[in-house]
Amino acid sequence: MSTTAELMQAAWDATLVRNIEPTKCLLCNHDLRIHEGVILRDCFHIFCDRCLVRTIKITMLHSVQVHCPAQMIGDRGCMTLLQEREIRELLSGEDYRKYERKCLELAETAATSSVHCLVPHCKGWIELTGFVSSFVCPVCSCKNCLSCRAIHIEMTCNEYQTLNSFTLDTPSGSNRGKPQSNPTVDLDQLWSASEAVLARNMYSSKCPICDDDVPINGGVILRDCCHIFCEECLINTIKATLDENVEVQCPAFVDDGQQRCSTIVQEREIKSLLKTEEYEKFEQRCLEVAEGSFTSSVHCLTPNCKGWVVLDGNVESFRCPICFVENCLSCKMIHVDKSCEEYRAEIKRNGEEELSESAIKVLLENREAVLCPNCKRLIIKNGGCDHMTCLKCRYEFYWSTLAPYRRFSKIAIIVFGGFKGLGIE
C-alpha cells in the first residue's frame, strides 16, 4: 500500500496536480469530483479545466503571463502566474503552438536590437550585439545577409546583386524537351515557395522524361538542382530506385545529355510525392539500409518489431527504441523484471508443469516460447544457439525466424580479404 506521503509526491510530480477530494471550482462554482479539478501549484487555488483553458485563451489576446483567476479580497485578484507546464498540459496541441508563437512575438518586440528572419513566413529572429554582417536563423537555419538585406546562399553580395539584375527568361519552344543543363528559375519566386513541401514550376514547360507538356504549377522543381518534371515521372523514378537504394538521384541528364545529374532528391520531396503506405515502405527501407551499414547493430528480439540499436563496448542488455522492451544479450531472450537465473528457473518449472492456455499465450507473446512450424508443439528455449530441433517430430528450424534449418557441406569464410574453405560434418 502506498503511504499518503508517496501519493502526495506522485501527484506533485505529475504535469497537473489534481484534487484528491471533492470540491467546487472557484470560478463557475460547479462541483468537482476527485481528480476533476486542477490545483495551481504556486497558490493552491482549484478550478475546473474548462475555466482555466478559457482564462488562458483570453489572456493570450494581449499577453502570455496568465494570472490565477481567483478573486482575493474585494476586486484584487490573485497575483500568482500559471506555470508553463500547466499551460502546456491544459491547451490542445494547436492552441499551445499559438501560445508559443505569442511568447516569441512578445519577446521579439521587447528586444530593441532584434532582427527578424528574411525568409517569407518564417517566425525566426535573433537579438544582435555589436556589428554583425549576417546571422543564421535559429528556426529555418537560413543565413541572412544584413549588408544587402537578402538571402543568397554560397554567393557574395556582389554576385547576388549581379544575378538579380538579370531578367530570367522562360524557356523558348525550340529548347523545350531537351536535357536541362542550365535550369532557369526565378530565385525570388523560389524563395517565396520555400515553405511549400513541393516547389512548383512558375511557367509552362516539358517533362524531360516523358516529353509531355507541364502546365504552370503542374510540375515539380527539385530544390537542389531546379530541374522540372511531371509528378508521375518523379514518382516512377522514386519507386524504381527504392528497389535497390534509398538515395533517389535526379533523373535529368546534363552536359548535353552526356551524364546524369548528381543531385539527390530531398526526403521531404519524396514524402510529399509518395502515398502514405509507399512512404512507410521507404522509411522502412532506410532503416534496413542504415542497420546493415553498422557491423555492431543488434535487432530487437520482439517478434515483428523493426527496432534495432548500435552497441558500443560490452553491453549486457538494451531497450528497444521502437517497442521499449528490454532485450537481454547474455541469454538472447526477453525476460522483463527477471534476472537470467530467475528466467531459466521459471522456464524449467514451466517445462515440468502443465501450462494453462493463458500461460502459453504469455510465453508466446513474450517470445519465451514458440510453436514448432511443423507439428505446432510448444517449444521453450533455455539457452544455446539459434538452431532448434523439435523433440516430437525432429523438425529443425531457426529460433529467431522459424525458417527451416539448412545444412551446408562447406562454407566460405572471409579471412583477411581472402577465402578459406571450412568443412562441416
Side-chain angles (χ1 to χ4, degrees), residues 1-3 6-7 9-11 13-15 18 34-35 276-277 280-281 283-288 290-292 294 296-407:
M1 295 291 293
S2 300
T3 64
E6 290 173 340
L7 291 174
Q9 184 62 45
D13 290 340
T15 308
R18 295 291 181 178
I34 294 175
H35 293 161
T276 302
E277 59 272 17
E280 290 175 353
K281 292 180 181 179
E283 287 186 310
Q284 185 55 42
R285 177 64 176 158
C286 290
L287 288 174
E288 292 171 357
E291 181 178 1
F294 291 98
S296 57
S297 64
V298 179
H299 203 92
C300 177
L301 297 171
T302 303
N304 302 320
C305 178
K306 305 298 184 181
W308 59 278
V309 297
V310 177
L311 301 179
D312 185 12
N314 186 18
V315 180
E316 295 183 353
S317 65
F318 71 91
R319 184 177 295 275
C320 175
I322 302 298
C323 67
F324 305 108
V325 170
E326 191 74 19
N327 288 241
C328 177
L329 297 179
S330 300
C331 57
K332 298 191 181 304
M333 297 295 293
I334 295 176
H335 45 82
V336 182
D337 298 329
K338 298 184 186 75
S339 65
C340 294
E341 292 74 18
E342 292 172 337
Y343 172 74
R344 294 191 187 100
E346 182 178 2
I347 291 297
K348 184 177 180 180
R349 289 195 305 270
N350 291 338
E352 295 171 351
E353 300 173 358
E354 183 179 356
L355 295 175
S356 65
E357 183 178 347
S358 60
I360 293 174
K361 183 178 180 181
V362 171
L363 288 173
L364 294 174
E365 289 177 349
N366 293 335
R367 194 62 176 181
E368 297 175 1
V370 298
L371 297 177
C372 172
N374 185 48
C375 68
K376 306 305 178 184
R377 177 188 176 94
L378 184 70
I379 299 176
I380 300 175
K381 186 174 184 287
N382 60 3
C385 66
D386 210 35
H387 176 206
M388 303 297 295
T389 301
C390 178
L391 297 178
K392 180 181 179 181
C393 66
R394 308 305 298 174
Y395 182 77
E396 297 179 81
F397 63 96
Y398 292 101
W399 173 269
S400 58
T401 63
L402 301 182
Y405 178 73
R406 300 184 182 277
R407 295 179 178 274

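Positions are given from 1 along the sequence. For the numbers below, each heavy atom of this structure counts, side chains included, while hydrogens, waters and symmetry mates do not.
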**Report entry** Contact summary for C393 and N374, nearest pair of heavy atoms
**Finding:** SG-ND2, 3.3 Å
**Report entry** Distance-minimising heavy-atom pair for C375 and C372
**Finding:** N-SG, 3.5 Å
Query raised in the report: How far apart are the closest heavy atoms of C320 and G307, and which atoms are they?
Result: SG-CA, 3.8 Å
Report task. Using side-chain hydrogen bond (donor to acceptor under 3.5 Å, both in side chains) as the criterion, list what pairs up with T389, not counting sequence neighbours. Result -> none
**Report entry** Under the salt bridge (charged side-chain N to carboxylate O under 4.0 Å, His left out) test, residues paired with R377 that sit two or more places apart
**Finding:** none
Report task. Take L378 and L371, measure what side-chain contact (heavy atoms from CB on, under 4.5 Å) needs, and give me the verdict at the end. Result -> CA-CA 5 Å; L378 184 70; L371 297 177; 4.0 Å; yes
Query raised in the report: Under the ring-ring contact (aromatic ring centres under 6.0 Å, His included) test, which residues partner F318, sequence neighbours left out?
Result: none
Query - Minimal non-hydrogen separation, W308 against H299, with atom names - result: CB-CA, 4.0 Å
Query raised in the report: So, for V370 and L364, which heavy atoms are closest and what is the spacing to 0.1 Å?
Result: CA-CD2, 3.7 Å
Query raised in the report: What is the distance from atom OH of Y395 to atom CD1 of I379, rounded to the nearest 0.5 Å?
Result: 10.5 Å
Report task. Can you sort out the partners of S330 under side-chain hydrogen bond (donor to acceptor under 3.5 Å, both in side chains), two or more places apart, ordered by chain and number? Result -> none
**Report entry** Pairs touching residues 315-331 that satisfy salt bridge (Lys or Arg N to Asp or Glu O under 4.0 Å), sequence neighbours left out
**Finding:** R319-E326
Query raised in the report: What distance do H387 atom NE2 and W399 atom CH2 have between them, rounded to the nearest 0.5 Å?
Result: 13.5 Å
Only distances under 3.5 Å count here; give the side-chain donor-acceptor pairs of residues 334-341 to other protein atoms, sequence neighbours excluded, each with its distance to 0.1 Å.
unit_1, atom_1, unit_2, atom_2, d
H335, ND1, K338, O, 2.7
K338, NZ, E346, OE1, 3.4
S339, OG, E342, N, 3.2

Query raised in the report: What is the distance from atom CE of M333 to atom CG of L301, rounded to the nearest 0.5 Å?
Result: 8.0 Å
Report task. Please round to the nearest 0.5 Å and tell me the distance separating atom CE of M388 and atom OG of S400. Result -> 11.0 Å
